[in-house]
Amino acid sequence: MQAVEDPDGELVQRAGRGDPTAAQALVARKLPRVLALAYRTLDDAAEAEDVAQEAMLKVWRHAPAWRPGKARFDTWLHRVALNLCYDRLRRRREQPVADLPERVDPGFGPDRGLRAADVGRRVAAALQALPERQRDAVVLCHYQELGNIEAAEVMGVSVEALESLLSRGRRSLRGALADMKNEVAEV
Amino acid sequence: MDAERWDQLLDAYRAPLPSPVLRARVLAAAPRPPTWSRVAGRRMRAWAPGAGLAAAGLAGVLFGVVLSGSGLETSADTLLAEAGPYDEAVLNVDGGR
């Protein structure tokens, strides 16, 4: 199979050889993305930080031997992070509700105000209420801005299945947030 | 709701940015450039079994040489001690060359 063109490939290889500039660039480019994915999947800032750190440690472990292959680095990283999130969600389901960690709001700057925070929490609640796979499809395609092929690869499903999950997820979200269409302009 | 407003609404759910502490923790674990001592250490680790085997072989050879050398001396002394007057004269002549 032909190797895919990977915009991160060279950076990963340099980081793997111990180039500190490459490592910094990789962290600047990928850590916010991994953290955002984990946060919107787990809806918990502390757990999201743990997942982001674990995912990046896996990057460092694999970087010295990284060779451009059939998957792009970003796709691989999303898959690693999502699997770490699934582990935590599984553990959460096995834990009694009382033991769940307290959710921490990421916070908003003083300029954004309470209104934006309210709207954000409503959207978060609607997203978290979706079935897991639908939520993942929305998070990967909308928030992480992955293409359908990459998102399908991350989730380990066909592109058709991904499109179906995405379509159902979006429909449910629109239903849940229908009363907010006038709020958008104020955010 | 049009697509643009819909995107705006979803984007109201913001994710936190990585804290400086998280950034520092991740960077601290990044692979380091190979230093002379680490390269030398890696090479030493690669050569250690071979070097050990060679040293053991050399020690065996030296031990063998020492043993056989002392054996030769012993047998020469014994020969001299057991030699008769004629033999002793011959041996001394040969040893004097």
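Below, chains carry the letters A, B, ... as their sequence lines are ordered, and counting in each starts from 1.
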Participant: Relative to chain B, which segment of A:A36 carries a heavy atom at a distance below 4.5 Å: side chain, backbone, both, or neither?
Facilitator: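 Backbone plus side chain of A:A36, per the 4.5 Å heavy-atom cut-off to chain B.
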Participant: Is any side-chain heavy atom of A:M56 less than 4.5 Å from a side-chain heavy atom of B:L22?
Facilitator: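 Side-chain contact under 4.5 Å: no.
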Participant: Hey, could you give me the CG/CZ distance between A:L57 and B:R25, rounded to the nearest 0.5 Å?
Facilitator: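 One finds 9.5 Å between CG of A:L57 and CZ of B:R25.
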Participant: At what distance, to the nearest 0.5 angstrom, does CG of A:L173 lie from CH2 of B:W6?
Facilitator: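 With rounding to 0.5 Å, CG (A:L173) is 4.5 Å from CH2 (B:W6).
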Participant: Of all the heavy-atom pairs spanning A:Y39 and B:A15, show the shortest one and how long it is.
Facilitator: CD2-CA, 3.8 Å
Participant: So for B:R23, is it side chain, backbone, both, or neither that comes closer than 4.5 Å to the heavy atoms of chain A?
Facilitator: both
Participant: Which pair of non-hydrogen atoms, one from A:L127 and one from B:Y13, has the smallest distance, and what is that distance?
Facilitator: CD2-CE2, 3.6 Å
Participant: For B:D7 and A:H142, what are the C-alpha separation, side-chain angles and deciding distance, and is it a side chain to side chain contact (heavy atoms under 4.5 Å, CB included)?
Facilitator: CA-CA 8 Å; B:D7 285 348; A:H142 179 82; 3.3 Å; yes
Participant: Work out which heavy atom in A:L31 is nearest to a heavy atom in B:P18; give both atom names and the distance.
Facilitator: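 Smallest interatomic distance, heavy atoms only, reads CD2-CB, 3.7 Å.
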Participant: Which atoms of A:R40 come close to chain B, meaning under 4.5 Å heavy atom to heavy atom: side chain ones, backbone ones, both, or neither?
Facilitator: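 It is both, since atoms from each part get that close.
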Participant: What is the minimum heavy-atom distance between A:L35 and B:L17, and which atoms define it?
Facilitator: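 Heavy atoms only, the tightest pair is CD2-C, 3.6 Å.
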Participant: So do A:E49 and B:S19 actually touch side chain to side chain, heavy atoms under 4.5 Å?
Facilitator: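 In contact.
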Participant: Which heavy atom of B:D11 sits nearest to which heavy atom of A:Y143, and what is that distance?
Facilitator: OD1-CE2, 4.2 Å
Participant: Is there a continuous path of hydrophobic side-chain contacts, each under 4.5 Å between heavy atoms, that joins A:L140 to A:V159?
Facilitator: no
Participant: Applying a strict under-4.5 Å side-chain criterion to I, L, V, M, F, W and Y, I'd like to know whether A:L89 and A:V138 cluster together.
Facilitator: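 Yes, same cluster.
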